[in-house]
Amino acid sequence: MASHSDLSVVLDAVRAAVRDASALCLAVGDPERMEKMGHEPVTLADYGSQAIILRAATGFPDDRIVAEEGSAHLLAAGGAEAVGEIAGLVGRAVGVPCAPPEVIEWIDRTGGEGGRTWAVDPIDGTRGFLRGDQFAVAVGLLEDGVPVAGVLGCPRFDAAGAAGVMLWGGPGLGAFAEPLDGGEPVAVTVSAVTGPEAARVLGSVESAHGDPALVREVMDRAGLGGGWVRIDSQVKYAAVAAGLAEVYIRPRNRPDWRERIWDHAAGAAIVAGAGGRVTDLDGKDLDFTLGPTLEDNRGVLVTNGAVHDLVLGVLQEG
Ligand code: AMP
Ligand code: MG
């Protein structure tokens with residue numbers, strides 16, 4: 001079992017990597033979309049961001065890595081030219097020249113057996129990234145399957161007075177917003193709103209990632225009156241953690257869908273650190289111990305805590 005000081009060392013390394021990876025994403029001015037059959041679209045920035053984060057993970061060889069991308073598709077879709085381009089982007093972001101073979105090695109540095117896991121989504125919300133909307137560079141740290149810390153680079157998200165922030169924190173650590181262009185972290189907490197009338201609701205932009213009609217119905221029945229805003233990625237968790245919204249409802253789009261751990265681990269840790277609450281739509285804790293998906297959970301509900309039981313109650317009415 002890793003000690004608390006170990007966690008702070010790895011968290012510092014993750015924060016530095018997420019900062020560099022966020023810069024890389026913004027440096028790719030006009031990202032080209034590469035289709036991954038049956039999956040989300042992917043861009044050179046997805047691979048560059050993953051290379052930077054897994055490069056940082058080389059400092060923690062006992063840790064296990066679960067990450068969304070792999071080089072096989074990159075090589076098939078973009079070939080050596082794309083890898084060379086990524087090596088240039090990564091080198092500029094980290095300030096050290098990088099060779100293409102190193103980049104491939106970092107991207108594929110997944111697996112391992114350790115009790116501590118990095119759950120990495122190099123660009124969460126690739127569709128938002130491509131649209132010019134919200135996206136996040138996400139790293140969740142789990143110990144024996146429990147999210148203990150998370151870092152979300154949110155280059156297009158304004159919070160705590162900064163344009164472009166990194167949110168980080170975890171249970172017992174608190175939660176912080178830090179300007180991506182430098183500056184001190186500021187402590188953030190979930191909002192103090194207690195009643196439903198002013199509760200602001202968040203959901204996915206992509207209707208296929210949820211059930212907008214159900215969200216509307218729950219809002220009506222629970223009397224959630226603060227409006228409904230649709231944004232991409234774990235920026236939704238960041239917004240709840242920073243007190244900018246009270247509720248994020250993520251119903252399943254279809255019964256066989258299982259959420260990916262890299263889409264939730266970082267956000268769940270940060271919201272817990274900010275004093276909020278995260279469960280599935282049945283009120284069950286998210287179980288991150290079952291592999292790359294949340295096999296035993298149905299949807300996700302994130303709130304500031306105060307309105308959680310109210311929303312769960314309405315969901316249970318069916
Ligand atoms: P969001 O931007 O909140 O809609 O979430 C983006 C994430 O949704 C991506 O990283 C995907 O892993 C995930 N995703 C893809 N397909 C689905 C689906 N059918 N239902 C829920 N999430 C999905
Ligand atoms: Mg994702």
Side-chain angles (χ1 to χ4, degrees), residues 11 14-15 18 22 68 118-129 133-142 146-160 164-171 173-178 180 185-191 193 199-206 209-210 215 228-251 259-281 285-286 288 294 297 299-308 311:
L11 188 51
V14 171
R15 282 166 57 200
V18 167
S22 298
E68 189 167 12
W118 300 34
V120 179
D121 195 342
I123 296 189
D124 180 20
T126 306
R127 289 175 198 278
F129 175 62
D133 290 335
Q134 295 298 335
F135 68 96
V137 176
V139 183
L141 297 171
L142 304 123
V146 177
V148 290
V151 181
L152 289 173
C154 310
R156 295 185 184 139
F157 183 56
D158 301 350
V165 287
M166 177 162 64
L167 272 283
W168 56 274
L173 302 174
F176 301 88
E178 187 175 331
L180 274 170
V186 181
V188 294
T189 60
V190 295
S191 95
V193 164
R200 295 160 289 185
V201 178
L202 301 175
S204 286
V205 173
E206 301 292 332
H209 295 176
V215 174
W228 181 38
V229 175
R230 298 173 69 166
I231 52 180
D232 297 284
S233 81
Q234 284 169 82
V235 168
K236 293 187 277 299
Y237 280 95
V240 173
L244 300 172
E246 285 70 35
V247 182
Y248 162 24
I249 311 176
R250 188 182 188 87
E259 297 290 339
R260 296 352 191 185
I261 62 169
W262 53 75
D263 285 333
H264 298 282
I270 295 166
V271 164
R277 196 170 155 204
V278 181
T279 66
D280 72 6
L281 299 195
D285 289 339
L286 302 185
F288 289 90
L294 299 174
N297 290 111
V300 178
L301 176 65
V302 182
T303 72
N304 68 341
V307 297
H308 205 91
V311 178

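In this structure, CZ on F129 lies 4.0 Å from CD1 on I123, to the nearest 0.5 angstrom.
L141 places a side-chain heavy atom less than 4.5 Å from the side chain of W118. Between R127 and E206, some side-chain heavy-atom pair lies under the 4.5 Å cut-off. Two residues are said to be in side-chain contact when any heavy atoms from C-beta on lie closer than 4.5 Å; V240 and T303 fail this criterion. Y237 places none of its side-chain heavy atoms less than 4.5 Å from the side chain of D124. Side-chain contact between L11 and V151 is present, with heavy atoms from C-beta onward closer than 4.5 Å. Looking at L294 and H264, their side chains come closer than 4.5 Å, going by heavy atoms from C-beta outward.
For the side-chain hydrogen bond (donor to acceptor under 3.5 Å, both in side chains) test, residues two or more places apart in sequence or in another chain that qualify with T126 are D46. With sequence neighbours excluded, the residues satisfying side-chain contact (heavy atoms from CB on, under 4.5 Å) with P155 are S22, L26, F135, L180. Contacts of A269 classified as side-chain contact (heavy atoms from CB on, under 4.5 Å), with partners at least two apart in sequence or in another chain: P147, P171. Annotation: side-chain hydrogen bond (donor to acceptor under 3.5 Å, both in side chains) contacts of E178 (sequence neighbours excluded): R15, R19, W168. In this structure D133 satisfies the salt bridge (Lys or Arg N to Asp or Glu O under 4.0 Å) test together with R131, sequence neighbours excluded. With sequence neighbours excluded, the residues satisfying side-chain contact (heavy atoms from CB on, under 4.5 Å) with R200 are S191, A245, E246. The side-chain contact (heavy atoms from CB on, under 4.5 Å) search around S204 returns H209, K236, R250, not counting sequence neighbours.
Sorted by first and then second residue, the side chain to side chain donor-acceptor pair (under 3.5 Å) pairs involving residues 268-279 (not counting sequence neighbours) are R277-D309, T279-H308.
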